[in-house]
Protein chains: 2
Amino acid sequence: MQSQNISDIIEKYLKSILADSQQIEIKRSEIAELFNCVPSQINYVINTRFTIQNGYVVKSKRGGGGYIRIVKVNLLDDSDVIDDLINMVGDEIDFNKAFQIIQSLYQEGMLTRRESNLIISSIDKRTLAFENRQIEKIVRARILISILNRLRYDD
Amino acid sequence: MQSQNISDIIEKYLKSILADSQQIEIKRSEIAELFNCVPSQINYVINTRFTIQNGYVVKSKRGGGGYIRIVKVNLLDDSDVIDDLINMVGDEIDFNKAFQIIQSLYQEGMLTRRESNLIISSIDKRTLAFENRQIEKIVRARILISILNRLRYDD
DNA sequence: ATAATAAAAGTCAATATTAGTCAAATTAAA
DNA sequence: TTTAATTTGACTAATATTGACTTTTATTAT
């Protein structure tokens, strides 16, 4: 039914392992072989699904005995998370990245599920679809930053 | 013996599946082929018959393994109140009016204080300050409507 | 030690695979 | 007859897949 594509399947596989352990270390070629795809597909999966916005840090090494290590990080370990998140947002941001940030805030318990959903609909592509494509991203960034700043106060 | 047109037939087909399950995930091209119509007809059916007012939320993804997912949601009792509020908002709205709407939602118990504050900061004048004063109001209206629509259902 | 070779992972652009938009043409309803 | 709804298809956008080429690191040979 869902996740027909290999990228989603690989993502799930990696995340299922990360559900148990804090980090995972893979050999790119082995995973590629396991899922019968080209090695660079693993990079694609990592670049689109294991970003820092999503709460993952990736480190790798080439050459003999090379590896890719994916580490789950806790954004709240840092005292000034909000500053970091605001920097991540920058002047403009696409929906996927923004979504990941909200998701992370939810997972960290800084937003309720309902709050997250409301925010997501306010920055949704359909909500912010304008003639000018760039305005969409700029507005989204503004909204997100404004909400992040709001989270500094009451709680 | 009504529902002669394809759109109605496709609508019925999808809804018959949704009678059993809470959601359905389709491949646009497959359904189009099944009913011998162009793919964009599926969009037409969805846009005219699977709206949030009717209790459906639609999510889709393009690219390999793409899909269209239609989810049946439980409309809350306040759903028709929301219709009125959306009409009030219209195509554009200034901050004061928007504020009043949020305030009344809070007073009605449809928003928590924190949710209200988050929404207010996202539609604040400073957040939406653009060169063009009218754009500000248009964007605010879009955000507000999107949030109102989200309030139609839970979870 | 140094150079050559092997063994990884990274990059990037071309291509493939979906779905979305929009407006013109057609058909049905009022 | 006017208006609204539907049908159609050309064009656009998003996402995924693939592979040739590059870079980094380790190992082996000289």
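Here is the naming used below: chain letters follow the sequence lines, and residue numbers restart at 1 for every chain.
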Undergrad: 5' to 3' on DNA chain D, which nucleotides open and close the contacts with chain B (atom under 4.0 Å from a heavy atom)?
TA: D/dA5 to D/dA16
Undergrad: Both B/Gly64 and B/Ile46 contact DNA chain C. Taking the nearest nucleotide for each, which residue is further toward the 5' end?
TA: B/Gly64
Undergrad: Output the rounded distance in Å from OH (B/Tyr67) to P (C/dT18).
TA: 14 Å
Undergrad: Need one value for B/Arg49: base, sugar-phosphate or nothing, where a base atom within 4.0 Å counts as base even if backbone is also close, heavy atoms only.
TA: sugar-phosphate
Undergrad: In plain terms, say whether B/Asp94 and B/Arg140 are close enough for a salt bridge, that is, a side-chain N and a carboxylate O under 4.0 Å apart.
TA: no
Undergrad: Take the protein atom CG of B/Asn43 and the nucleotide atom P of C/dT18, then report the distance between them rounded to whole Å.
TA: 15 Å
Undergrad: On DNA chain D, does the nearest nucleotide to B/Ser40 precede the nearest nucleotide to A/Lys125 from the 5' side, or the other way round? Give the residue.
TA: B/Ser40
Undergrad: One character per nucleotide, please: for nucleotides 25-30 of chain C, 5' to 3', B when the base has a protein heavy atom closer than 4.0 Å, S when only the sugar-phosphate does, - otherwise.
TA: ------
Undergrad: Is a donor from one side chain sitting under 3.5 angstrom from an acceptor on the other, for A/Ser104 and A/Gln53?
TA: no
Undergrad: Where each residue is assigned the nucleotide of DNA chain D containing its nearest heavy atom, which of A/Gly65 and A/Asn96 is assigned the position nearer the 5′ end?
TA: A/Asn96
Undergrad: Would a hydrophobic clustering, with Ile, Leu, Val, Met, Phe, Trp and Tyr connected at side-chain separations under 4.5 Å, put A/Val73 with A/Leu85?
TA: yes
Undergrad: Just by distance, do the side chain of B/Gln22 and the backbone of B/Lys72 share a donor-acceptor pair under 3.5 Å?
TA: yes
Undergrad: Would you please say whether a donor-acceptor pair under 3.5 Å links the side chains of A/Asp84 and A/Asn87?
TA: no
Undergrad: For A/Gln4 and C/dA19, give me the distance from atom CD to atom C1', rounded to whole Å.
TA: 15 Å
Undergrad: Hey, can you pull the residues of residues 26-39 of chain A with a non-hydrogen atom under 4.0 angstrom from DNA chain D?
TA: A/Val38
Undergrad: Under 4.0 Å, counting only non-hydrogen atoms across every strand here, what does A/Gly66 touch: a base, just sugar-phosphate, or nothing?
TA: sugar-phosphate
Undergrad: Start with the C-alpha gap between B/Arg114 and A/Leu151, add the side-chain angles, then the distance that decides, and say whether side chain to side chain contact (heavy atoms under 4.5 Å, CB included) holds.
TA: CA-CA 9 Å; B/Arg114 216 172 101 106; A/Leu151 287 176; 4.0 Å; yes
Undergrad: Please tell me whether A/Ser116 and A/Gln103 have a donor and an acceptor in their side chains that are separated by less than 3.5 angstrom.
TA: no
Undergrad: Find out whether B/Val71 and B/Tyr56 are in side-chain contact, i.e. whether some heavy atom of one side chain is under 4.5 Å from a heavy atom of the other.
TA: no
Undergrad: Can you measure A/Glu25 atom CD to C/dA9 atom P for me and round it to whole angstrom units?
TA: 10 Å
Undergrad: Run A/Ile26 and A/Leu14 through side chain to side chain contact (heavy atoms under 4.5 Å, CB included) and show every step you take.
TA: CA-CA 9 Å; A/Ile26 61 172; A/Leu14 296 176; 4.2 Å; yes
Undergrad: Between B/Ser60 and C/dG20, does any side-chain N or O lie under 4.0 Å from OP1 or OP2?
TA: yes
Undergrad: In a check of side-chain hydrogen bond (donor to acceptor under 3.5 Å, both in side chains) between B/Glu92 and each of B/Arg142, B/Lys137, B/Lys97, B/Gln134, which one passes?
TA: B/Gln134
Undergrad: Return yes if a side-chain donor-acceptor contact under 3.5 Å exists between B/Arg152 and B/Asn149, otherwise no.
TA: yes
Undergrad: Look up atom CZ in B/Arg28 and atom CD1 in B/Ile42, then write down how far apart they are to the nearest 0.5 Å.
TA: 8.0 Å
Undergrad: Mind calculating the distance between OH (A/Tyr44) and C1' (C/dA16) to the nearest angstrom?
TA: 12 Å
Undergrad: A/Lys61 or B/Arg62: which one's nearest nucleotide on DNA chain C is closer to the 5' end?
TA: A/Lys61
Undergrad: With a non-hydrogen cut-off below 4.0 angstrom, is A/Ile42 in contact with a base, only sugar-phosphate, or nothing?
TA: nothing
